[in-house]
**Q** 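Please find one structure pasted underneath; my questions will follow.
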Amino acid sequence: MPELPEVETVRRSLAPIVGQTIEALDVRERRLRRRVTSDLSKRTIGQRIIRLDRCGKYLLIHLSSGDAVLAHLGMSGTFTIVPVSTPLEPHDHLRFLFTNGSALVFNDPRRFGLVLAGRPEAFEELAHMGPDPLSNEFSPALLRQMTRGRKRPVKNLLMDQRLVAGIGNIYANEILFEAGVRPSRQARNLRLAELDLLHTATRRVLAEAIATGGSSISDYRDGSGQPGYFQLRFRVYDRGGQPCLNCATLVRRAVHAGRSSFYCPKCQR
DNA sequence: CGCACCCCCTGCCGGC
DNA sequence: TGCCGGCAGGGGGTGC
């Protein structure tokens, strides 16, 4: 669920909290990917939210002090804006309470998510992150450079956040279908024309996914509670054994690096 | 360098 | 109907 398009959708949907001042932080559960410490309260209470950024799959909430809240949704995290009086739900771990009577709630059943505060330039999580695939920095030339001499399957490379930031298992599968390239292909063996197709496919698939509000597979929702619709446009993801939408050949499922890959053996070479 | 394998945790689904 | 194993979008660590 939360790959680049979902995080971007969440970022946009949280625009109403920009300008709000954090009056209190209600910590209900500290055991996230990293333990929530009192530092989060110290750095956020009394601060005004000035801007929301996204860095790969991370969300950055910039504060008037110059600090920022760094958040990652893991597999099951959501941020939702609600009235402060809204009853707590299971797995509501953090609530940022604003002076206008609204609250930003972080809910995460699996607790693989991350929320911490600090100087934005000092976040170790962002230190080795590759360029955003929708930025100009992610160019065909960079893709050639990234893949040169790499023996790894191209799908693993696409999902490596150090090389390009924000692509997870769903979109890696969809991008490779769009480009007509098999997930298992060694990156170094792709032809220049294929790399260019991959570059175009990456941007097209991610942009379309953002435009449809991301993918809602189980219960993903954006900050205002809206689901996404890109799951209705999956061409291969989770379609193992079903006919390819291009050629009716049965879509195959394979496991690479512990994650499911789906591909059409005829359309993807 | 790159992979397989393990962990973190809860929820859901299919099979029996 | 109910239990249980397997599997799931994330990242991180270890050992080969």
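Treat the numbers as computed from the prediction; the structure is a model and nothing was measured. Order of the sequence lines sets the chain letters (A, B, ...), proteins ahead of strands, with each chain counted from 1.
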**Q** Taking any heavy-atom pair under 4.0 Å as a contact, classify A:Asp108: base, sugar-phosphate, or nothing.
**A**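 Counting heavy atoms under 4.0 Å across all strands, no contact is made by A:Asp108.
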**Q** For B:dG11, does OP1 or OP2 lie under 4.0 Å from any side-chain N or O of A:His91?
**A**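 Yes, because at least one side-chain N or O of A:His91 sits under 4.0 Å from OP1 or OP2 of B:dG11.
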**Q** Roughly how many Å apart are C:dG2 and B:dC9, using the P atom of each and rounding to a whole number?
**A**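 B:dC9 and C:dG2 have their P atoms separated by 28 Å.
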**Q** What does C:dG9 pair with, Watson-Crick or G-U, if both distances are under 3.5 Å?
**A**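 WC or wobble partner does not exist here.
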**Q** Tell me: CZ of A:Phe112 to P of C:dA8, nearest whole Å?
**A** 13 Å
**Q** Would you call A:Glu208-A:Arg204 a salt bridge at under 4.0 Å N-O?
**A**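 Salt bridge absent between A:Glu208 and A:Arg204.
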**Q** Is a salt bridge present between A:Arg11 and A:Asp222, judged by a nitrogen-to-oxygen distance below 4.0 Å?
**A** no
**Q** Is the ring centre of A:His72 less than 6.0 Å from the ring centre of A:Phe112?
**A** no
**Q** Within this structure, what is the CZ-to-P distance between A:Arg110 and B:dG11, rounded to whole angstrom?
**A**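 For the pair A:Arg110 CZ and B:dG11 P, the rounded distance is 10 Å.
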**Q** Please confirm whether the ring centroid of A:Phe234 lies under 6.0 Å from the ring centroid of A:Phe177.
**A** no
**Q** Grab the CD-C1' distance between A:Glu29 and B:dT10 for me, whole Å please.
**A**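 Computing the A:Glu29:CD to B:dT10:C1' distance gives 12 Å.
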**Q** When you measure from the side-chain N and O atoms of A:Ser215 to the phosphate of C:dG9, is any distance below 4.0 Å, counting only OP1 and OP2?
**A** no
**Q** Using a heavy-atom cut-off of 4.0 Å across all strands, would you classify A:Arg253 as base, sugar-phosphate, or nothing?
**A**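 The residue A:Arg253 makes sugar-phosphate contact but no base contact.
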**Q** Just say parallel, tilted or perpendicular for the rings of A:Tyr237 and A:Phe262, cut-offs at 30° and 60°.
**A**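 Taking A:Phe262 first and then A:Tyr237, their aromatic rings stand perpendicular (interplane angle over 60°).
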**Q** Rounded to the nearest Å, what distance is computed from the CG atom of residue A:Asp238 to the C1' atom of nucleotide B:dG14?
**A** 14 Å
**Q** Partner lookup for C:dG2, please. Criteria are Watson-Crick or G-U wobble with both distances under 3.5 angstrom; report none if nothing qualifies.
**A** B:dC16
**Q** What is the distance, rounded to the nearest whole Å, between atom CZ of A:Phe230 and atom P of C:dG9?
**A** 16 Å
**Q** Under 4.0 Å: is that the gap between some side-chain N or O of A:Tyr58 and OP1 or OP2 of C:dG11?
**A**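 False: A:Tyr58 side-chain N/O out of range (4.0 Å or more) of C:dG11 OP1/OP2.
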**Q** In whole angstrom, what separates A:Ile170's CD1 from C:dA8's C1'?
**A** 10 Å
**Q** Over how many whole Å does the gap from A:Phe234 atom CZ to C:dA8 atom P extend?
**A**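 Atom-to-atom, A:Phe234 to C:dA8, this comes out as 14 Å.
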**Q** Got a salt bridge between A:Glu125 and A:Arg34, using NZ or NE/NH1/NH2 to carboxylate O under 4.0 Å?
**A** yes
**Q** A:Arg152 has an atom CZ; how far is it from atom P of B:dA4, in whole Å?
**A** 11 Å
**Q** With respect to the phosphate group of C:dG11, does any side-chain polar atom (N or O) of A:Lys57 fall under 4.0 Å of OP1 or OP2?
**A**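 Answer yes for this pair, as a side-chain N or O of A:Lys57 is under 4.0 Å from OP1 or OP2.
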**Q** With heavy atoms under 4.0 Å as the rule, sort A:Pro5 into base, sugar-phosphate or nothing.
**A** nothing
**Q** Taking 4.0 Å as the cut-off, does a side-chain nitrogen or oxygen of A:Asn156 come that near to OP1 or OP2 on B:dC3?
**A** yes
**Q** Kindly say if A:Arg111 contacts the phosphate of B:dT10, meaning a side-chain N or O under 4.0 Å from OP1 or OP2.
**A** yes
**Q** For A:Arg150, which contact category applies under a 4.0 Å heavy-atom criterion: base, sugar-phosphate, or nothing?
**A**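 The answer is sugar-phosphate, as A:Arg150 gets under 4.0 Å only of primed atoms, P, OP1 or OP2.
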